[in-house]
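Presented below is the structure to which this report refers.
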Amino acid sequence: MASKGLLSFTRSFNTLRAFNASTKDPLVQCLAPRLSRSMATEAPLPSNMSEAEHGYNSFSMPEDPNPSSTVITTIYSFPDMEPLRFEYYNDKHLHLPLRRDILHRAVVFEGDMTRQGTASTKTRHEVHGSHRKIRPQKGTGMARLGTKQSPMLRGGGKSFGPHPRDFATQLPRKIYDLAWRTALSYRYRKGQLIVCEDGMDFEHPEGEWATEVFEHNNWGKADGRSLIVTADKRENLFEALGKAPQNGRAITTWDVDVKDLLETGRVVIEKSALDDILREHQSDLIGKVRNAQ
Amino acid sequence: MPPRLPALTAYCRVAPVVSAPFTAFLLPFMQARNASILGALSDTPGAYSKRIRRGRGPSSGKGKTSGRGQKGQKARGKVAPRFQGGQTPQEIVHGTRGFENHFSVEMSPINLDRIQSWIDQGRLDPSKPITLKELNDSRCLHGVKDGVKLLARGKEQLKTPINILVSRASAEAINAIEALGGKVTTRYYTATSIKRVLKGESESTFTPLPYAPGADGQSPLLAALSSSAQPFTYRLPDPTSRKDMEYYRDSAHRGYLSHLVEEGHGPSLFYKTPGTYTRRRSKKTGAAASAAGDNRVW
């Protein structure tokens with residue numbers, strides 16, 4: 001009942017906002033308490049700082065292409081996490097409902113695909129050695145035995161042992177792509193998707209540096225670690241996190257998968273990396289028709 | 001050594017965090033954990049069926065005989081699928097008929113109405129030659145088997161003149177395309193060359209490999225190789241069997257080798273064109289003839 005009441009209040013609040021022209025301003029939308037949508041990069045202003053000090057008024061405000069079907073994100077600089085500007089994203093990219101079944105299928109699909117499947121044993125026909133009868137059939141007072149390779153004997157073959165195989169399973173492309181965007185949307189809704197300006201890197205390849213930055217931002221071990229995604233490998237950043245892996249992981253767009261997006265406490269992602277991922281994983285949104293080149 | 005961090009920390013802004021929950025005042029008494037969603041994922045219960053565990057006790061319902069019934073060969077092991085209880089198996093009663101022709105080719109058919117539909121949708125560009133690669137890339141064809149045969153279904157729907165290169169073409173399709181001012185060419189493809197064309201390793205070219213040696217006696221193949229700075233790894237082969245050569249030498253098929261046929265000659269490599277040769281007379285003269293006459297037994 002309480003949630004229903006809140007929902008209706010939220011709806012009425014939305015209609016109120018729609019009529020009020022001044023609140024259509026994205027800056028005001030971002031800074032106002034948003035009840036309908038949690039904003040990924042919602043940051044309460046420190047009370048001792050005014051807006052002028054922050055220079056928020058100098059933000060470049062892109063025109064909202066379609067206010068009914070977009071969500072807004074803030075782009076930060078890295079590592080000083082200064083908010084730079086706002087960007088709009090399609091709500092089919094970053095504001096999908098949580099589908100645990102789709103995520104489960106994607107994670108299982110990835111896990112199956114990752115299995116090596118190289119376990120191998122020898123059957124009685126593959127174990128090396130002579131197939132001579134190892135003792136007479138009768139007269140020894142002991143059990144009847146044939147060859148040494150019998151699975152019953154020590155050193156014999158394995159009767160139903162593992163052999164190399166491919167564990168990979170199939171998942172329709174459109175479902176997998178939906179899972180990617182569902183995972184990103186889940187992060188966005190929880191405020192755990194932090195989008196940074198391109199060119200994320202550290203000045204020094206030092207683990208202590210990484211730890212300081214992560215702990216200062218509440219990204220570290222105590223806060224569930226963080227995943228850093230960049231478009232390509234950044235030497236200092238990757239080396240620093242390799243030295244201080246308790247803080248999180250840094251991987252490139254090429255290496256990231258759905259499970260990675262869901263594992264850690266939050267995802268800190270470069271804007272171009274996010275755009276790449278969204279562009280690669282929208283086969284269920286765009287038609288399959290390829291035009292003539 | 002990097003600079004110590006207090007300076008950085010001082011001018012850093014704190015990254016956004018989720019606003020404090022209502023239960024923040026309880027935090028000292030609660031264990032704060034960052035639980036991943038991974039443990040809470042599951043497929044919809046109706047979307048999958050649980051594996052039946054056979055032979056795992058009476059309460060499982062598939063315990064004692066594991067659903068195999070009582071006694072007998074089916075309870076213990078397996079019965080060959082051809083076994084019909086002692087009756088003579090079907091494959092022995094009726095035997096096998098027919099054979100598989102290893103030399104037959106399976107052409108992927110492509111019809112004129114489909115091509116026009118693809119052009120209308122903007123998926124094929126009629127201003128450029130349409131070859132196997134364009135057809136396959138635009139998904140007008142879903143893969144190419146041993147070649148592509150152009151057929152005339154919906155020929156009245158074709159409105160655009162096209163320049164098309166395929167393996168074979170029906171006479172009706174050729175007429176329909178040429179009536180609009182289009183052009184049809186057929187050329188020889190092997191399975192390997194189709195694969196390479198589709199991968200972009202070969203050019204889907206209208207012309208055969210050069211045959212005639214150059215003016216300086218250089219190999220025409222080497223000359224073509226050196227002259228063309230093409231990005232393709234492989235050249236397409238030309239036919240070597242008489243049947244294929246004759247098909248593509250035939251101008252009725254719009255074959256790409258039809259320019260090799262001399263004026264007034266037929267495409268066949270076996271039958272000579274009537275009127276283009278003189279019958280050799282076995283008229284022998286002089287000593288040879290008389291010697292032959294002497295050798296007669298009777």
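A quick note: this is a predicted structure, and the numbers were derived from the prediction, not measured. Below, chain A is the first sequence line, B the second, and so on; all start at residue 1. Every heavy atom of this structure was used, including side-chain atoms; hydrogens, water molecules and symmetry mates were not.
- Among B:L38, B:I37, B:I119, the residue with the largest count of heavy-atom pairs under 4.5 Å with chain A is B:I37.
- Proximity of A:V108 to B:D43: side-chain heavy atoms (C-beta onward) are nowhere separated by under 4.5 Å.
- Atom CD of B:E156 is surrounded by more than 12 heavy atoms from other residues, nucleotides or ligands within 6.0 Å.
- B:A40 touches chain A through backbone and side chain together, each having a heavy atom under 4.5 Å away.
- The part of A:L98 that comes within reach of chain B is its side chain, from C-beta onward, which places non-hydrogen atoms under 4.5 angstrom from that chain.
- Looking at A:Y186, the atoms closer than 4.5 Å to chain B (heavy atoms on both sides) all sit in the side chain, from C-beta outward.
- With rounding to the nearest 0.5 angstrom, the NZ atom of A:K259 is 9.0 Å from the OG atom of B:S36.
- The backbone N or O of A:H104 sits nowhere less than 3.5 Å from a side-chain atom of B:S42 that would complete a donor-acceptor pair.
- In this structure, B:R54 places its CZ atom where more than 12 heavy-atom neighbours from other residues, nucleotides or ligands lie under 6.0 Å away.
- Residue with the most contacts toward chain B among A:L103, A:V268, A:T264, A:L262: A:L262 (heavy-atom pairs, distance under 4.5 Å).
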